[in-house]
Amino acid sequence: CAVHTINQSSKQTNITETQTPKDLHLVAVGDSLTQGVGDSTNRGGYIPYLKDIMETKKEIGTVTFDNFGVRGNRTDQLLKKLKEPKVKSEIKHSNIVFITIGGNDVMKVFRDNFTELKVAKFQSAIQGYQLRLNEILKTIRDYNSDVGIVLIGIYNPFSKWFSDIKELDQIVENWNEASKETIMKYDNTQFVP
């Protein structure tokens with residue numbers, strides 16, 4: 001609570017303002033991580049946990065989420081998803097948009113070049129990824145110029161099976177750096193490694 005001092009006729013009065021908790025409407029878009037695939041508790045991935053944490057904050061009231069995550073989504077597919085009337089409408093009325101995207105873009109490069117896997121193939125694919133990610137961010141901003149945007153980075157999905165191939169860690173690191181570089185061009189955004 002903020003305490004304000006008002007000087008009235010040489011007499012001080014303290015007025016305590018009570019802060020009303022703000023209700024939040026959050027939208028989540030992206031791939032299987034947003035959809036909740038792989039959550040051993042079957043609660044729906046990170047979203048219910050984030051909701052629970054946020055609602056413990058005294059400045060936050062009720063948190064509602066709309067989840068538009070789709071298993072396997074790449075940036076090109078997310079761009080199409082963002083054009084759906086329901087998704088567009090919910091983003092227009094949201095406070096924050098959470099995005100998980102990029103992992104399936106990396107997987108596509110991996111699958112398309114499995115027989116001759118070279119870091120250079122991933123580096124050239126990053127440019128197209130950044131262009132599509134920029135278009136995703138621009139589309140969200142066009143729908144709601146004030147919305148906060150949180151982009152969640154990717155992890156190395158191959159570390160369990162190919163831990164000896166250090167180039168894969170470098171590829172994921174480069175991809176995340178490209179994501180961070182792209183989102184930081186926009187105000188009111190956050191990249192989560």
Side-chain angles (χ1 to χ4, degrees), residues 1-6 13-73 75 77-104 132-155 172 175-193:
C1 292
V3 176
H4 298 282
T5 304
I6 298 175
T13 309
N14 288 330
I15 299 174
T16 304
E17 262 183 22
T18 58
Q19 185 178 8
T20 306
K22 181 177 181 176
D23 293 338
L24 296 178
H25 178 210
L26 311 177
V27 171
V29 296
D31 54 27
S32 60
L33 296 177
T34 293
Q35 185 181 346
V37 174
D39 179 3
S40 61
T41 66
N42 293 319
R43 287 188 67 201
Y46 72 89
I47 293 172
Y49 297 97
L50 184 58
K51 179 181 181 334
D52 290 349
I53 291 167
M54 292 178 87
E55 287 182 341
T56 65
K57 308 295 180 193
K58 66 180 177 193
E59 61 273 11
I60 298 175
T62 302
V63 176
T64 57
F65 257 105
D66 282 297
N67 186 341
F68 298 106
V70 178
R71 180 183 208 147
N73 256 7
T75 47
Q77 295 162 318
L78 179 53
L79 274 167
K80 290 177 187 170
K81 184 80 175 165
L82 289 175
K83 305 226 184 312
E84 293 178 8
K86 174 79 171 154
V87 178
K88 182 177 180 178
S89 174
E90 294 303 333
I91 289 173
K92 279 184 176 184
H93 300 99
S94 67
N95 301 100
I96 303 173
V97 174
F98 288 87
I99 307 169
T100 60
I101 202 70
N104 293 309
R132 292 184 302 275
L133 179 58
N134 191 60
E135 191 62 30
I136 288 166
L137 297 169
K138 187 176 169 298
T139 300
I140 291 169
R141 274 286 180 256
D142 287 347
Y143 295 164
N144 184 337
S145 60
D146 298 323
V147 72
I149 302 174
V150 178
L151 176 63
I152 300 167
I154 65 170
Y155 64 96
V172 169
W175 212 271
N176 279 328
E177 192 55 41
S179 295
K180 183 177 180 181
E181 181 183 301
T182 304
I183 197 166
M184 297 314 276
K185 292 177 184 175
Y186 292 83
D187 291 332
N188 200 17
T189 61
Q190 182 70 43
F191 177 75
V192 178

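From a predicted model like this one, the values you see are computed outputs, not experimental measurements.
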* Test salt bridge (charged side-chain N to carboxylate O under 4.0 Å, His left out) applied to Lys138 - qualifying residues, sequence neighbours left out -> Asp142
* Quick one: do the Asn134 and Thr182 side chains pair a donor with an acceptor below 3.5 Å? -> no
* To do: Report yes if the side chains of Gln77 and Val70 come closer than 4.5 Å at any heavy-atom pair, otherwise no.
  => no
* Which pair of heavy atoms, one from Glu55 and one from Lys51, lies closest together, and at what distance? -> OE2-NZ, 2.8 Å
* Is there a side chain to side chain contact (heavy atoms under 4.5 Å, CB included) between Val63 and Leu50 once you walk through the steps? -> CA-CA 9 Å; Val63 176; Leu50 184 58; over 6 Å; no
* In sequence, state the C-alpha distance, the side-chain angles, and the governing distance for Thr139 and Lys83, and then conclude on side chain to side chain contact (heavy atoms under 4.5 Å, CB included). => CA-CA 9 Å; Thr139 300; Lys83 305 226 184 312; 4.2 Å; yes
* To do: Examine distances only and state if a side-chain atom of Asn176 and a backbone atom of Pro193 form a donor-acceptor pair shorter than 3.5 Å.
  => no
* **Contact summary for Tyr143 and Lys92, nearest pair of heavy atoms** => O-CG, 3.3 Å
* Is a side-chain donor or acceptor of Arg71 paired with a backbone partner of Gly36 at a separation under 3.5 angstrom? -> no
* Structure fact -> The reported gap from OH in Tyr186 to CD1 in Ile140 (rounded to nearest 0.5 angstrom) is 9.5 Å
* Interatomic spacing from OH in Tyr46 to CZ in Phe98 - rounded to 0.5 Å -> 6.5 Å
* Structure fact -> Minimal heavy-atom distance between Pro21 and Gly61, with the atoms involved, is CB-N, 3.6 Å
* Supply the atom-to-atom distance Thr100 OG1 to Asn73 CG, rounded to the nearest 0.5 angstrom. => 8.5 Å
* Structure fact -> Exactly one of Val192, Val97, Thr189, Leu133 clears side-chain contact (heavy atoms from CB on, under 4.5 Å) with Leu151, and that residue is Leu133
* **Sequence-distant partners of Lys86, salt bridge (charged side-chain N to carboxylate O under 4.0 Å, His left out), two or more places apart** => Glu90
* Heavy-atom count around Lys180 NZ within 6.0 Å, excluding the residue itself: above 12? -> no
* Looking only at heavy atoms, which two atoms of Asp39 and Gly44 are closest? And how far apart? -> OD2-N, 3.1 Å
* **Sub-4.5 Å side-chain heavy-atom contact between Val147 and Arg141** => yes
* **Candidate pair Glu135 and Thr75, rule side chain to side chain contact (heavy atoms under 4.5 Å, CB included), full reasoning** => CA-CA 9 Å; Glu135 191 62 30; Thr75 47; over 6 Å; no
* **Least distance between heavy atoms, Leu78 atom then Gly30 atom** => CD1-N, 4.0 Å
* Structure fact -> dist Asp66:CG -> Leu26:CG (nearest 0.5 Å) comes out at 9.5 Å
* Structure fact -> For Ile152 and Phe191, the nearest pair of non-hydrogen atoms, with its separation, is C-CE1, 4.5 Å
* Structure fact -> Here the gap from Ile136 atom CD1 to Leu82 atom CG, rounded to the nearest 0.5 Å, amounts to 6.5 Å
* Those residues that, when tested against Asp52, pass salt bridge (charged side-chain N to carboxylate O under 4.0 Å, His left out) (two or more places apart) -> Arg43
* To do: Go through the steps for Thr34 and Val29 under the test side chain to side chain contact (heavy atoms under 4.5 Å, CB included), then give the verdict.
  => CA-CA 6 Å; Thr34 293; Val29 296; 5.8 Å; no
* Would you check if Ile91 and Val87 make a side-chain contact, meaning some heavy-atom pair closer than 4.5 Å? => yes
* In terms of side-chain geometry, is the basic nitrogen of Glu84 or Lys81 positioned less than 4.0 Å from the acidic oxygen of its partner? -> yes
* **Atom pair CD/NZ of Glu59 and Lys22 - distance to nearest 0.5 Å** => 11.5 Å
